[in-house]
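Below is one structure; the comments refer to it alone.
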Amino acid sequence: MDYLGEKLQEARKRKKVSLEDAAAATRIKIEYLRALEEGDYPGLPPRAYVKGFLKIYGHYLGLEYPLLLQFYEESFQSSEPQLVLAEPRPDSPPLFPGIRWKPVLTVGGVMAGIALLTWGAVLLFRGPGTGGKGTDPFSEVDEPFASGTLEKIPVSELE
C-alpha cells in the first residue's frame, strides 16, 4: 500500500464508512476504490478517469484534491504514452497582422451575395428584347414599313 492509499483508507475509516457505502455514495465502482486504497494502479482505468475518481472520492472524504493528485502523481509513473501538445510554429508571418479575417470574409461574402441577387433581379425585370444586339434581328429597324427597310434586312433572312 502506498501513501495515497493509506490517506484514503484512513479518511474513510475516520468517517466510519464501509467501502461499499463509499462506492454507493460516490457512484464509483468498488473495485476502483479498492484499487486506489491498495495502490493497485494497473487495475485502474486510464489516468483521466482516475483523476476524476480522486476528485470525487477526496471531496466525499473531506480531503483536498490537489494534495491527492500530488500523491497520485508521485506514486504512479505511467507507462501509458502521454499526449504533449507543442506550441504551433508559425511558418511565415501573416500578410496583414492584426486583421481578423473571419469578419472581413463574412462581410465580403454577404456583399457579393447581395450584388449577385441585385444583378439577377435587374436581368429578370428588364424583360425580353432588351438584352442588346443579336437577340432580335429586327431590333435595328426603326420603321418596318418604310421604303429603305428592305435594304437594312440581311439577304440571307429573305430567302
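One N or O on the side chain of Lys15 and one on the backbone of Tyr60 form a donor-acceptor pair closer than 3.5 Å.
To the nearest 0.5 Å, atom CD of residue Glu74 and atom CG of residue Leu69 are 10.0 Å apart. Rounding to the nearest 0.5 Å gives a distance of 9.5 Å between CG of Leu8 and CZ of Phe71. Atom CD of Gln70 and atom OH of Tyr3 lie 10.0 Å apart (nearest 0.5 Å). Interatomic distance, Lys13 NZ to Gln9 CD, rounded to the nearest 0.5 Å: 4.0 Å. Residue Ile56 holds its CD1 atom at 5.0 Å from CD1 of Ile28, rounded to the nearest 0.5 Å.
When all heavy atoms of Leu68 and Leu54 are compared, the closest pair comes out as CD1-O, 3.7 Å. Across all non-hydrogen atoms, the minimal contact from Ala22 to Leu33 is C-CD1, 3.9 Å. Listed here is the closest heavy atom pair of Lys7 and Leu63: O-CD1, 4.1 Å. Considering all non-hydrogen atoms of both residues, Tyr57 and Arg12 come closest at OH-CD, 3.2 Å.
Ring centroid separation for the pair Tyr72 and Tyr41 comes in under the 6.0 Å cut-off.
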Side-chain donor-acceptor contacts of residues 104-124 below 3.5 Å, not counting sequence neighbours, with atom names and distances?
unit_1, atom_1, unit_2, atom_2, d
Thr106, OG1, Lys102, O, 2.7
Thr118, OG1, Ile114, O, 2.8

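Ring planes of Tyr49 and Phe53: tilted class, angle from 30 to 60°.
Other residues, nucleotides and ligands place no more than 12 heavy atoms under 6.0 Å from the NZ atom of Lys29.
Applying the salt bridge (charged side-chain N to carboxylate O under 4.0 Å, His left out) criterion to Lys51, with sequence neighbours excluded, gives Glu73.
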